[in-house]
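Numbers restart at 1 for each chain; the letters A, B, ... are given by sequence-line order, proteins then strands. Only a predicted model underlies this, so the values are computations on that prediction, with no experimental measurement involved.
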Protein chains: 2
Amino acid sequence: MSRSAKKEASRDALLNQGVSMLMRQGYHGTGLQEILDAVNIPKGSFYNYFDSKEDFGAKVIQHYVDPFIAQLTTHLRYSETDALDAIQCYFDELVTELEKNDFQGGCLLGNLMGEIGDTSLLCQQSLQTAVTRYRDLLQSGLVKAQQQGTVRVDKSAGEMADLLINAWQGGLLRAKIEKSSGPVRQCCQDLLGDFFRPLTSASR
Amino acid sequence: MSRSAKKEASRDALLNQGVSMLMRQGYHGTGLQEILDAVNIPKGSFYNYFDSKEDFGAKVIQHYVDPFIAQLTTHLRYSETDALDAIQCYFDELVTELEKNDFQGGCLLGNLMGEIGDTSLLCQQSLQTAVTRYRDLLQSGLVKAQQQGTVRVDKSAGEMADLLINAWQGGLLRAKIEKSSGPVRQCCQDLLGDFFRPLTSASR
DNA sequence: GGAAATAATATGACCGGTTGTCTTATTTTG
DNA sequence: CAAAATAAGACAACCGGTCATATTATTTCC
């Protein structure tokens with residue numbers, strides 16, 4: 001294994017561990033030592049990979065959101081006929097994952113927005129771009145669904161994407177303290193299954 | 001001033017300061033020393049008022065939510081004819097307050113749910129009861145609005161209360177990192193001004 | 001090609017500061 | 001004066017960050 005590849009592997013291990021620990025214990029609730037121990041990397045090496053804890057946090061945020069972007073992208077790609085269904089399937093997967101983890105953690109973006117959203121400028125910017133990336137992808141999916149006639153067109157896809165993300169975030173917080181997937185399930189049902197639907201003569 | 005009244009005053013000062021600092025800097029991001037200094041109470045005295053930092057956090061949560069309950073209750077009381085309007089006015093006030101604070105802090109409940117929602121059982125329970133109190137009050141307002149015919153009846157008031165709270169929480173997080181009241185305004189408009197409205201022949 | 005010199009990287013002890021908590025001492029009260 | 005409330009300060013543990021040193025890699029020279 002080449003030198004730079006090994007370095008990249010260590011970086012990745014730190015980021016992965018960072019995602020899981022920051023999500024569960026928060027930014028200030030997680031020490032660097034704790035993360036480094038978990039992946040067996042010496043303390044002194046940390047600053048070979050990242051400039052500071054704050055920089056690390058910002059990188060962890062980007063690392064966290066990548067798989068979600070990929071997952072949603074996949075769903076959207078292989079479901080050209082029914083984008084709304086693709087979105088629903090995607091969120092169903094998230095719910096399943098959440099249940100598997102006993103509702104721990106929730107969403108790193110939401111947690112960090114609340115904790116350090118206005119104390120760390122670096123992380124704030126990282127959170128902004130992460131959320132925007134996610135939002136824009138969701139918007140593109142909703143645009144497709146609009147074109148397919150499964151989603152109402154009298155509201156902009158962007159507006160609906162925002163609402164869905166916001167309600168999902170809030171639902172995740174509730175799910176976390178109630179230890180139940182009820183809140184997130186209901187939120188998806190209310191929006192994707194009702195509010196976003198086009199008005200037909202038979203509806204409601 | 002009686003002895004117990006003075007003690008109560010110190011307790012209150014600590015709780016008020018706790019609300020403001022925990023909201024802005026988070027639970028782990030705020031030290032007891034910092035809070036105590038701000039209200040000029042010696043460090044050694046802290047444990048005369050609270051059992052531990054965790055206990056303090058739980059009490060701060062309850063202390064935080066009280067004014068919101070009172071504020072919403074007032075709006076609902078003095079607006080027997082239009083409960084939906086009362087709810088809208090209430091949220092408008094919240095938006096104004098948020099703008100006045102330059103979008104800092106957000107909601108203590110949301111922030112702490114994310115940060116310590118599944119690491120501190122004590123705070124988790126406190127968060128649960130606080131959110132439930134708030135939700136139930138909002139639900140009662142929506143029931144009134146349903147009876148007044150301004151809110152659709154084919155969805156339960158509880159379901160809508162949950163959705164509103166969740167979307168509001170998410171919107172607050174977005175507002176915080178975008179430094180804009182857009183997200184929360186839009187969220188209120190989408191739900192109170194559209195989704196919750198009864199279906200009339202002229203709508204949409 | 002092999003040895004010596006040089007550069008680059010990895011590391012763990014250590015820094016000043018702060019954490020939450022507790023024991024001990026002082027002050028206040030009835 | 002006894003009892004209870006309050007304050008002081010010590011405590012060990014931990015924080016993020018630094019740095020001299022040890023290890024490894026690369027280049028230079030014969």
Whole-Å distance separating the [atom1] atom of [X] from the [atom2] atom of [N]:
X: A:Leu36; N: D:dC14; atom1: CG; atom2: P; answer: 15 Å
X: B:Asp55; N: C:dT21; atom1: CG; atom2: P; answer: 10 Å
X: B:Gln25; N: D:dC15; atom1: CD; atom2: P; answer: 19 Å
X: A:Asn40; N: C:dA10; atom1: CG; atom2: C1'; answer: 15 Å
X: B:Met21; N: C:dG20; atom1: CE; atom2: P; answer: 12 Å
X: B:Ile35; N: C:dG20; atom1: CD1; atom2: C1'; answer: 12 Å
X: B:Asp37; N: D:dA7; atom1: CG; atom2: C1'; answer: 14 Å
X: A:Tyr47; N: C:dA13; atom1: OH; atom2: C1'; answer: 15 Å

Under 3.5 Å, is there a donor on one side chain and an acceptor on the other for [X] and [Y]?
X: B:Gln33; Y: B:Asp37; result: yes
X: A:Ser156; Y: A:Gln139; result: no
X: B:His28; Y: A:Glu115; result: no
X: B:Gln189; Y: B:Arg185; result: no
X: A:Glu159; Y: B:Gln186; result: no

At under 4.0 Å, does any side-chain N or O of A:Asn48 touch on OP1 or OP2 of C:dT9?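 Answer no for this pair, as no side-chain N or O of A:Asn48 is under 4.0 Å from OP1 or OP2.
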
OP1, OP2 of C:dA10 versus side-chain N and O of A:Ser45: anything below 4.0 Å?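 No, because none of the side-chain N or O atoms of A:Ser45 sits under 4.0 Å from OP1 or OP2 of C:dA10.
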
Proximal nucleotide (of C:dT19, D:dG17, D:dA7) relative to the B:Lys43 side chain: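 Closest nucleotide among those given: C:dT19.
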
Identify which nucleotide among D:dG17, D:dA7, C:dT11 has an atom closest to any side-chain atom of A:Pro42, counting heavy atoms from C-beta outward.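 Minimum distance to the A:Pro42 side chain belongs to C:dT11.
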
When the aromatic ring centroids of A:Phe46 and A:Phe56 are compared, is their separation below 6.0 Å?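 Yes, the ring centres sit under 6.0 Å apart.
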
Given that both pair distances must be under 3.5 Å and the pair must be Watson-Crick or G-U, what runs of three or more consecutive pairs involve DNA chain D?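 Counting only runs of 3 or more consecutive pairs, the stems involving DNA chain D are C:1-30 with D:1-30.
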
Cation over ring face, A:Lys53 and A:Tyr47, 6.0 Å, 45°: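 That pair does not qualify as a cation-pi contact.
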
Heavy atoms under 4.0 Å, any strand shown: does B:Phe46 hit a base, just sugar-phosphate, or nothing?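 No contact at all - B:Phe46 keeps every heavy atom at 4.0 Å or more from the nucleic acid.
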
